[in-house]
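What follows is one structure encoded as structure tokens, with my remarks underneath.
Note on naming: letters A, B, ... go to the chains in the order of the sequence lines (proteins, then strands), and numbering restarts at 1 for each one.
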There are 2 protein chains.
Amino acid sequence: MKPNIKDVATLAGVSATTVSRVLNNRGYISEETRNKVYQAMEELHYFPNDVARSLFRKSTKFIGLIFPTTSHPFFGELILNIERICSTRGYKVLLCNSLNDQEKESEYLEMLQRNQVDGIIVGTHNQGTLNYEKIRFPVVAIDRYLSDSIPVVSSDNYQGGKIAAELLLESGCKKIIHICGPQQLKTPANQRTNAFKDVMKNHGIEPVIYELPVNFQQPSTIRMIHKIFDEHQDIDGIFASDDLIAASILAEAYGIGRKIPDDLKVIGYDGTETVQICLPHLTTIRQPIKQIAEKSVSMLIDLIEGKQFERQYEETIPVSIKKGTTV
Amino acid sequence: MKPNIKDVATLAGVSATTVSRVLNNRGYISEETRNKVYQAMEELHYFPNDVARSLFRKSTKFIGLIFPTTSHPFFGELILNIERICSTRGYKVLLCNSLNDQEKESEYLEMLQRNQVDGIIVGTHNQGTLNYEKIRFPVVAIDRYLSDSIPVVSSDNYQGGKIAAELLLESGCKKIIHICGPQQLKTPANQRTNAFKDVMKNHGIEPVIYELPVNFQQPSTIRMIHKIFDEHQDIDGIFASDDLIAASILAEAYGIGRKIPDDLKVIGYDGTETVQICLPHLTTIRQPIKQIAEKSVSMLIDLIEGKQFERQYEETIPVSIKKGTTV
DNA sequence: ATGAAAGCGCTAACAA
DNA sequence: TTGTTAGCGCTTTCAT
């Protein structure tokens, strides 16, 4: 059904080797032969079989992507950028949504190995540690410490947390609360919380922190927000380590009649386009998504192609603040 | 470096065939041999090479996904669901973000063919028509008419448009405007606009419709909203055919001091989780994303596996309304 | 300038 | 119960 290189060769009246030469532009081929081959390929709607090529070349030009979910705006944008850059550089993307489930991540990891990907980019958060050490091809992590030998790309989380905390203080907040993700996960994102603590302590304030459970969903976020409003009537500032959490805070605050930013100031984290379209007034720390994508892809491809590069095992990219009217 | 089946065979003291038999659980193998093989695989950290298997089996178990972008919440959620279902059913996903660019779509299409995907799911919108006819494996489209022989899965767009238009009328709107995507694209989504027109005409009202350009971005959306507020001071209802457009309308209305829903009622389309978290009060037509994903994947796999099924070439799934407080 | 043969890693006849 | 052989579609020596 699908024509192969031999079909093309037969139709063009040459050998498969010659067709291969035309395909790869290698060695000497007469113009005449070349044209005959092109014509035959055209006529048969021939496409070279990359499976066979990959087998021979021992390189698939596949890059595996393991992320929690494309449905979260941060990952959706990040994955868009990563995939586009890969495509431009001749790599194809195998997508894996781990949903932060350890078992799924492990299955995906095996699948990617079986499929001979040239490398993978991981951005999931799990409690346990999988065998990323034993993997026989390059791995780059985004916002996650996997092992000593696996490079990590992340934005400057400490700086982000610091900017947020200081902005709230400068804006006159007296009682600030920070909502963060699970701290037991080994991720540079914990630096946001560390920065918050440091800033508070430097100002002689005991930091108040609420930590979400591993794999929190919308309901637990809402419950936590209720709890916070309940336990701290005098709260006047919240730093959420994710825009969607910030969004929920705004909604809940609105529900109980707190005026933003007069009664309560809110600052989020990520600064994705989607959330900015939905909530253009949200003040947030903007992650440099495009640069994170560029850096991680170029690091990975450098590793794959064996480029000599000073192995910098932690790449930190500056964040910026997007001032809205919620602070 | 990477061990192959022969390395395993040698270590286990058997032939490659025997290892293959163990791997595939075929034929008779003595318990003893089986254990030796398992042990050897373990020792070498052996994973079967799926590239070689695919070449032999003439099936890759790859499904290609061509969508505009994972960064849009609707596609982000849709792609999450599609990928998860594929994974459960033993298929792997090659992700392509076409950005609605015809040339990119064409390149991706060729890439997928070269990589011998077993099938593809397409959800992009382009003006021109690519050669989906000539493709030699199954294709399923979501919200797009590609050719007579390619099945289309979509939600009940006409119903969605009807519900939205009628709700605005019932709520007392006198001057309703509809913002829609480019109508020249051949997509079932145009039914939303047709329904709007029909409902308005049935009520003796001349429908007012603003059409966004092909590949509209946020700036052109904002410009169009300004234009609408400018040209129609008496507007009291808007039906936007996308939640992100609705979100921008809310923001702009807020900016010029129009009270929602008293001065202006707004209804969106899609009902994604992300937008619902950001704007829980938004009234919107909710697309059954999960079912769309299930239907398109199962149709595609049925086609791939040659299941006899009554070829229903247009699958329409009911929508529902999510009532918020913007109407 | 072109072709024949071997091999990438795997599986399925066919033999034994 | 196990092994030998051929072949999936391609590319690359090595000949000619």
Among Ile120(A), Leu65(A), Leu112(A), Ile63(A), the one residue meeting side chain to side chain contact (heavy atoms under 4.5 Å, CB included) with Leu94(A)
Leu112(A)

Would you call Arg114(B) and Glu110(B) a salt bridge, taking side-chain N to carboxylate O under 4.0 Å as the test?
yes

Pair Arg34(A) + Glu31(A): basic N to acidic O under 4.0 Å
yes

Between [atom2] of [N] and [atom1] of [X], the distance in whole Å:
X         : N       : atom1 : atom2 : result
Arg34(A)  : dT2(C)  : CZ    : C1'   : 14 Å
Leu23(B)  : dA12(C) : CG    : C1'   : 14 Å
Gln116(A) : dC8(C)  : CD    : C1'   : 11 Å
Lys2(A)   : dC10(D) : NZ    : P     : 11 Å
Asn25(A)  : dT12(D) : CG    : P     : 12 Å
Asp7(A)   : dG9(D)  : CG    : C1'   : 10 Å
Arg21(B)  : dT1(D)  : CZ    : C1'   : 8 Å
Leu55(B)  : dA12(C) : CG    : C1'   : 14 Å

Determine whether any donor atom in the side chain of Thr17(B) lies under 3.5 Å from an acceptor atom in the base of dA12(C), or the reverse, and answer yes or no.
yes

Suppose we call a contact any N or O donor and acceptor under 3.5 Å apart; does that hold for the side chain of Ser20(A) and the base of dT12(D)?
no

Heavy-atom closest pair (Pro48(A) atom, Gln116(B) atom, distance to 0.1 Å) is O-NE2, 4.2 Å

Just call it for [X]: base, sugar-phosphate, or nothing, with non-hydrogen atoms closer than 4.0 Å on any strand.
X        : answer
Val51(B) : nothing
Thr33(B) : sugar-phosphate
Asp50(A) : nothing

Which nucleotide in the list [options] gets nearest to the side chain of [X]?
X        : options                  : value
Phe56(A) : dA12(C), dG9(C), dC10(D) : dC10(D)
Arg57(A) : dT11(D), dG9(C), dT2(D)  : dT11(D)
Thr18(A) : dT2(D), dC8(C), dG3(C)   : dG3(C)
Lys58(A) : dC10(D), dC8(C), dT2(D)  : dC8(C)
Tyr28(A) : dC10(C), dG3(C), dA1(C)  : dA1(C)
Ser15(B) : dT1(D), dT4(D), dC10(C)  : dT4(D)

Would the Phe62(B) and Phe62(A) ring centres measure less than 6.0 Å apart?
yes

[X] side chain N/O closer than 4.0 Å to the phosphate oxygens (OP1, OP2) of [N]?
X        : N       : result
Asn49(B) : dC10(C) : no
Tyr46(A) : dC10(D) : yes
Arg53(A) : dG9(D)  : no

Identify, between Ile5(A) and Gly27(B), the residue whose nearest nucleotide on DNA chain D lies closer to the 5' end.
Gly27(B)

Would one find more than 12 heavy atoms of other residues, nucleotides or ligands at under 6.0 Å from atom NZ of Lys61(B)?
yes

